[in-house]
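Numbers restart at 1 for each chain; the letters A, B, ... are given by sequence-line order, proteins then strands.
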Amino acid sequence: MTRPEAGPAALASSGRTASGRLNPLTGLVLAGSGAVACLAWASWGTWAAVLAAALVVAAKARILRRVVAAASVVVVPFAVWALVIHGLFFPEGRTVLVVVGPARVTSEGLAYAGAIILRTASLVVVMLAFSLWVRVPTLRAALVRRGVPAQLGYVLASALGLAAAVGERLRRIREAQEARGLVVRKGPGGRILAARLQVVPLVLQLVDEAGERAAALEARGNALPGRRSSYVDEPDSQLQRVLRWTLACVCAVVVASVVVPAVAGVLAGAAR
Amino acid sequence: MLAAHVRRFAYDDGAAPLLHDIRLEIVPGSLTAVLGASGSGKSMLAKVLAGWAVAGGHGRLQGTLELARDGRREHLDFRGSPDDPRLRLGAWGQHVAYVPQRAADLLTGAAATVGEELAFGLEQRGTPRAEMLAQVDSAARVMGLGGLLEREPGQLSGGEQRRTAIACAIVGRPAVVLLDEPTASLDAEGAASLSRLVGALRAAGTAVVVFTATADALARGASRWLLLEGGTAAVDGTPAEAEASAAFAASGVLREEAAVAAWRPGPVRAPEGPAPLAELDRVTFAYDGARATRGGTVNSGRPVLDEASLAVFPGEVVALTGPNGAGKSTSLRHLAGLLRPDRGQVRIDGRDILDDPAGRVAGTVGTLFQEPKDQLFERTALREVAFGLSGRSPGSLRLSRDEARRRASEALEAVGLPGRADTHPYELPVSEQRLLALATVLARQPRVLLLDEPTVGLDRFGLARLEAAVRRAAESGAAVVLSTHALAWARRQAHRGLVLTRGRFEAA
């Protein structure tokens, strides 16, 4: 063998150790706490703090550009919609800034639109930052270690990778058709137009592959009973465990403090 | 260790048996070769022994499978009835590991790295992590995958995927390893690793069975040959006995070719003669690390092609060689217009094709892909070959329907599949899928013919069809570029060879 070999020691510091030193469940609880805070407290300060924290974490994990790009796809159209609806037409608005025909731009309308945009942006960025940061194999290992069935872990991992796998297969079928004279126009429009010719072969290939893969997975022990172990390292510490439980309890209390009075109010209203 | 008696095996009750009257006894530390032409039943027998064809009630087996391991003996007697014993594939697979002909079928498709893929089976069995890391490293090292453990499996080249699949099979230290066409698309280093691996496995008491259409060096190391013909044992004996038999001489099993010293003499070209038909002119290309691609290798940002130049003239056959992942497929995809160079020019018939869609390039260039299944997408073999020959779409050859049908039938005839016109491409054996894919290329009568690993899995008859097609194309003035690891074969077929090393072509 002439290739350089990587021994266990070399690998211990690379991909096997997953996303840094943070446990994926700690990441999940942090993201969940951010979301709960955004939903429970209607305060600009809370939303801005959660958004800022998520962006800082994304920057540290070197995924800031991807998070911002993905979040923009959701937040920008939503922001445009909110500004049009609430910025121009806000019946409760008293402080009129500009009047254009039937539209009245009020400071209360702008403030309301700004609030829901900021709140939505915080929620979207927090969830996207988590999903782009987390390494699926590590999350799967963490879940399986805590009693989630291994098959469910496999389904989770393959579902998260499904879009990429289908995209790759579509590309191969399209290339085979191009090699036999299918002219695909440049840009996504041309690809979507060409995709109609690839749908049937795609489905047939996926079905065929699923049959073979089912046997391969079973032969490799996917359906065996018993405990699983994990190849990828799951970084964890006492501090993280304490943080996870504390945050989870606080979140539960916060949710209860919001939900219980709300439900009580609804029930009391119904009784009257 | 493993004993099998297949009295009869079929997928449907009423159908003709796919296998019948085969006996096989495999002892610890042995190497057995199951030889046979395309469609002889090799892969089917491998799937029966591996349990894949028996578990889940898909096939009907009449016969016995017996596995002795750790002092315990598991005897399964099948009568082809619903009351038959159940083969638990998870437990069986722990002792009898199988690498299918399409190696990628063994992979989970859900692992993010090669290391995780190798570890999958160990994870399912709850192997402690420290032990698992050691076993993964050992399997990776023996298959030359040490440097690829962090790579995404979908980004591996065909040969690298096969090495990965073999490593997945041996990582759990099974008692029996079944390898279907294991040397297909492996480079010299991969084949040498495989030979060493088989030696090491046998020394440790593991039994190895190879299923192959080629009596190659690996098969010659076997103590026993079983020659299959029409789904049953035609000859069963030592390699010398089997090779001397009339059945072997008449079979489609390939004999490994003797080394050939010189390339085939090329067409005489006057200095001012014709311009090249296919040209790479100082092409540089690197894969985007984020994109999953097969047939090309991502190498930490290093270009796969680095100012690579290549010119192929009319009537010329040029063979590209080089290790797995060197960039052979990548070069061919550039000539087909499927990849665009980062720098440099790709010229077909003197024209820069940078702005031409691949569908238009296909008017001149025909491509046989490395994995034939990627190329087959129609309902019948005839429809498959006729795709793009008629019709009014921009890249169609615009033949009349009758003419398209005639061309498609002729192409099927040329590759020896006239009787398969109405068969679904996926129902063909892998080697016939490759020939069908070749027919789809030949039907377009391209002036530039690109063949990516065309010999893989072909038996003697299939190879003769391929050779005839290559010669006919060259004689009619086409430029043929083929990538292959079969060096002796390449020397007999090609006029010159080029080795791809560090992103550039050098004369072989």
Kindly write out the residues that satisfy salt bridge (charged side-chain N to carboxylate O under 4.0 Å, His left out) with A/Arg213, not counting sequence neighbours, or none if the list is empty. A/Glu209
Value for CZ (A/Arg172) from CD (B/Glu371), rounded to nearest 0.5 Å, stands at 8.0 Å
A/Arg228 CZ to B/Phe120 CZ distance, which is reported to the nearest 0.5 Å: 8.0 Å
[X] to [Y] - nearest heavy-atom pair and separation:
X	Y	answer
A/Val232	B/Glu123	N-OE2, 4.5 Å
A/Ala176	B/Phe369	CA-CE1, 3.9 Å
B/Ala362	A/Gly181	CB-N, 3.5 Å
B/Leu89	A/Glu218	CB-OE2, 3.7 Å

Heavy-atom pairs under 4.5 Å with chain A, option from [options] with the top count:
options	answer
B/Asp356, B/Leu107, B/Leu450	B/Leu107
B/Asp105, B/Thr108, B/Leu106	B/Thr108
B/Arg444, B/Gln124, B/Lys47	B/Gln124

[X] versus chain A, heavy atoms under 4.5 Å apart: side chain, backbone, both or neither?
X	value
B/Glu117	both
B/Glu384	both
B/Arg125	both
B/Leu122	backbone
B/His424	side chain
B/Val365	backbone
B/Arg379	neither

Checking side-chain contact (heavy atoms from CB on, under 4.5 Å) against A/Arg180, which of B/Thr440, B/Leu389, B/Thr367 comes through? B/Thr440
Non-hydrogen side-chain atoms of B/Phe377 and A/Gln198 separated by less than 4.5 Å: no
Is any side-chain heavy atom of B/Thr113 closer than 4.5 Å to a side-chain heavy atom of A/Arg135? yes
Which answer fits A/Arg227, side chain, backbone, both or neither, if we ask what part of it has an atom under 4.5 Å from a heavy atom of chain B? backbone
Below 4.5 Å from any heavy atom of chain B, which atoms of A/Asp208 appear? Answer side chain, backbone, both or neither. side chain
Whether over 12 other heavy atoms sit under 6.0 Å from A/Arg146 CZ: yes
Counting heavy-atom pairs under 4.5 angstrom with chain B, the leader among A/Ala223, A/Gly226, A/Pro225, A/Ala216 is A/Ala216
For chain B, the option from A/Leu224, A/Leu204, A/Ile173, A/Val144 that forms the most heavy-atom pairs under 4.5 Å: A/Leu224
Applying ring pair (Phe, Tyr, Trp, His ring centres under 6.0 Å) as the test, list every pair that has at least one member in residues 200-226 of chain A; sequence neighbours left out. none
Within the distance-only criterion (no hydrogens, no angle test), does the side chain of A/Ser229 pair as donor or acceptor with the backbone N or O of B/Arg129 below 3.5 angstrom? no
